[in-house]
Every structure is written in structure tokens, then in C-alpha cells.
Amino acid sequence: MIVVLTGAPGAGKGTQADLLASQGGYRKVSTGDALRKHVRTKSPIGLQAEAVMARGELVSDEILFQILREELGPDSQEKILLDGYPRNVAQAQTLDSLKEMHPVVVAIHLDVDSVELVTRLSGRRVCSSCGATYHVSMTPSKISGICDKCGGALQQRTDDREESVRTRLSVYESMTKPVLEYYRGKGLYHRVDGKGSTQDVFRKLVGSLDGLSLS
Ligand code: AP5
């Protein structure tokens with residue numbers, strides 16, 4: 001079964017999905033992480049996607065479907081947290097086409113206002129080696145620029161620069177917000193307030209999953 005974790009860029013989807021996965025029970029599937037791996041390894045998909053991602057636009061639905069099928073795999077018993085997909089209504093319909101094996105049981109919207117989103121994205125730093133995520137002021141590493149977990153160098157994502165952030169927020173408004181309505185129409189929409197500390201949000205998220213008998 002699939003729990004869709006949705007929300008604007010910087011809402012904390014990746015952070016919360018990592019926390020939930022580390023408590024066991026769920027496997028995180030992130031289309032953004034999968035795409036960045038393709039870019040790092042310079043695969044044919046990575047070569048097509050790199051410039052699109054750097055601009056903050058959406059990669060094609062065809063490429064995403066290929067990634068989705070690879071990442072979900074055939075195990076229908078798994079509990080999967082899906083971070084970053086679907087990003088438009090066509091992708092939501094595509095995901096529905098896999099419901100025999102991977103039914104969506106809830107779409108959780110991590111809701112954060114736009115001022116906070118820009119603060120989070122502009123201060124995000126990511127380990128170039130293990131992918132761990134930090135924020136320069138809100139969740140800093142112990143030594144500036146160095147990953148606490150593996151000692152790797154921390155970098156800013158190319159799409160966290162101002163111009164790309166503007167594009168990503170506008171793509172979210174026009175393409176991804178209709179996905180919230182799509183799930184509302186199916187009775188699967190559930191809002192979680194994404195403001196507050198990482199641990200506060202995590203408690204709210206677990207509380208919601210408990211309430212839905214899904215944790
Ligand atoms: P993707 O990686 O999915 O990017 P995104 O949706 O823009 O999400 P982010 O990773 O920016 O944010 P997040 O919500 O995970 O926040 P995070 O936890 O990191 O996609 C990247 C690109 O790939 C897309 O633009 C597109 O080009 C392509 N792509 C991916 N999927 C696609 C699809 N389905 N279709 C087409 N194209 C696709 O947190 C952000 C920061 O805030 C961090 O610094 C973190 O430490 C901090 N933070 C988190 N929570 C808190 C908190 N509670 N308080 C304070 N700080 C916090």
C-alpha cells in the first residue's frame with residue numbers, strides 16, 4: 001500500500017519520510033532522489049533530466065512512469081511512503097492504474113506557508129556523499145559545511161537557487177495543487193500542519209497515521 005506524502009517544495013516531505021522510514025515499517029520512495037541519482041551517474045535519464053530539474057520544471061511523465069515502476073517494485077505487501085509523486089493529475093491517474101498491486105490509502109498534505117518554504121529552501125544544504133539534509137540555521141551540522149553522518153561536503157542543490165525556487169513554487173501552484181483536489185474527491189486527502197520543529201511535525205504525522213490506523 002502507498003501513503004502519498006505531498007506538499008510544496010521545501011514542505012519537509014523528504015525529512016519526514018526519512019524519519020518515518022527510520023522507525024521501521026515504511027520504505028521511502030522519492031522520485032526526486034531517484035532522479036538525482038540518475039543525474040549523478042550520468043545515465044540516459046539523468047542526461048535528459050538534469051537541465052529540466054536545475055530550472056525547477058517537471059521532468060516528463062514518461063520518464064517518471066519508468067522511474068516509478070522501477071522504484072515501487074513488485075512487492076505488494078510493502079508499506080511505501082511516496083515522496084514527490086504524483087506531481088500532476090495525469091501522474092495521479094497513472095498511479096491509480098497500479099492500484100491492484102499498490103493501492104493509495106491516503107494522500108497526506110504537509111501544509112507550510114510560502115514565506116517559511118523560501119526560508120527552508122534557501123538554507124538547505126545536502127551532503128554530496130550520503131544525501132543527508134541540513135538547514136544552515138534550523139537544523140545545522142555540528143561543523144559548518146561537513147556532514148555529521150559521514151564527513152562528506154555539504155552543498156546547495158542547484159534547484160535551491162532563487163530563480164529555480166520561484167519556478168518550482170509556481171509549478172507547484174499550477175500543476176501539483178490540483179492533485180490535492182483529486183485526492184479530496186476520492187476521500188483520501190488528509191492535511192497535516194507542516195509548521196513547527198521537525199520533531200513536532202513528525203509527532204503530528206505519526207498521530208495522523210495512527211488515527212487512520214496506518215502507523
Ligand atoms: P524533489 O526532490 O521531489 O523536490 P521538491 O518536491 O521540490 O521537494 P524538496 O526536496 O525541495 O523539499 P521537501 O519537501 O522534501 O523538503 P525537505 O525535507 O528537503 O524534486 C526535485 C525535482 O525533480 C523537481 O523540481 C522536478 O524537476 C523533478 N521531479 C521529481 N519528482 C517529479 C515528478 N513526479 N514529476 C516530474 N518531475 C519530478 O526540507 C527542506 C529544508 O527544510 C531542509 O533544509 C530541511 O532541513 C528543512 N526542514 C524540514 N522540515 C523542517 C521543519 N519542520 N522545521 C525547519 N526546517 C525544516
Any donor-acceptor N/O pair, Ser128 side chain to Ala153 backbone, under 3.5 Å: yes
From Leu19 atom CG to Leu205 atom CG, the distance as rounded to the nearest 0.5 Å: 9.0 Å
same_hphob_cluster(Val39, Ile63) at 4.5 Å side-chain heavy-atom cutoff: yes
Side chain to side chain, Asp193 and Val201, heavy atoms closer than 4.5 Å: no
Val29 vs Leu81 side-chain heavy atoms within contact, under 4.5 Å: no
Side chain to side chain contact (heavy atoms under 4.5 Å, CB included) between Leu58 and Asn88, worked out: CA-CA 9 Å; Leu58 293 186; Asn88 59 33; 4.3 Å; yes
Joint cluster assignment, Val4 & Tyr85, ILVMFWY side-chain distance < 4.5 Å: yes
Shortest non-hydrogen contact between Ser122 and Gln156, atoms and distance: O-NE2, 3.5 Å
Sidechain-backbone polar pair: Gln77 side chain, Met1 backbone, donor-acceptor under 3.5 Å: no
Check ion pair Asp111-Lys195 (N to O, under 4.0 angstrom): no
Which atom of Ala49 lies closest to which atom of Leu35, heavy atoms considered: CB-CD2, 4.0 Å
Distance, nearest 0.5 Å, that separates OH of Tyr134 from SG of Cys127: 6.5 Å
Lys/Arg-Asp/Glu bridge criterion (N-O < 4.0 Å) met for Arg120, Asp160: no
Over 12 foreign heavy atoms within 6.0 Å of CD, Gln23: yes
Electrostatic pair Arg161-Glu163, nearest N-O below 4.0 angstrom: no
More than 12 heavy atoms of other groups within 6.0 Å of Lys37 NZ: no
Side-chain donor-acceptor contact under 3.5 Å, His109 with Thr6: no
Closest non-hydrogen atom pair, Gly32 against Met53: O-CE, 4.3 Å
Flag side-chain contact, heavy atom, 4.5 Å: Leu117 against Thr119: no
Donor-acceptor contact present, side-chain Lys13 to main-chain Gly7, <3.5 Å: yes
Asp148 side chain to Ser141 backbone, donor-acceptor under 3.5 Å: no
Min side-chain heavy-atom separation Leu82-Leu95 under 4.5 Å: yes
Which atom of His135 lies closest to which atom of Arg124, heavy atoms considered: CD2-N, 3.9 Å
Salt bridge (Lys or Arg N to Asp or Glu O under 4.0 Å) pairs, two or more places apart, involving residues 170-186: Asp96-Lys186, Glu173-Lys177, Glu181-Arg184
Hydrophobic cluster identity match, Leu209 and Ile2, side-chain contacts under 4.5 Å: no
Taking every non-hydrogen atom, the tightest pair across Val192 and Ser208: CG2-OG, 3.4 Å
Any side-chain heavy-atom pair of Tyr182 and Gln93 under 4.5 Å: yes
In one Ile/Leu/Val/Met/Phe/Trp/Tyr side-chain cluster, 4.5 Å: Leu20, Val104: no
Rounded distance [0.5 Å steps], CD in Gln66 versus CG in Asp61: 13.0 Å
Distance (rounded to the nearest 0.5 Å) between Lys204 NZ and Arg191 CZ: 8.0 Å
ring-ring contact (aromatic ring centres under 6.0 Å, His included) partners of His102, counting only residues at least two apart: none
Any donor-acceptor N/O pair, Arg168 side chain to Asp159 backbone, under 3.5 Å: yes
Closest non-hydrogen atom pair, Leu188 against Val106: O-CG2, 3.3 Å
Lys79 vs Val3 side-chain heavy atoms within contact, under 4.5 Å: no
Close side-chain approach of Cys147 and Ser129, heavy atoms under 4.5 Å: no
Flag side-chain contact, heavy atom, 4.5 Å: Leu154 against Ile146: no
Nearest-0.5 Å distance, OH of residue Tyr26 to CG of residue Leu5: 10.0 Å
CG-CZ distance between Asp18 and Phe202, expressed to the nearest 0.5 angstrom: 11.0 Å
In one Ile/Leu/Val/Met/Phe/Trp/Tyr side-chain cluster, 4.5 Å: Leu212, Val105: yes
Thr167 side chain vs Gly56 backbone, donor-acceptor pair below 3.5 Å: no
Main-chain N/O of Arg87 paired to Gln91 side chain as donor or acceptor, under 3.5 Å: yes
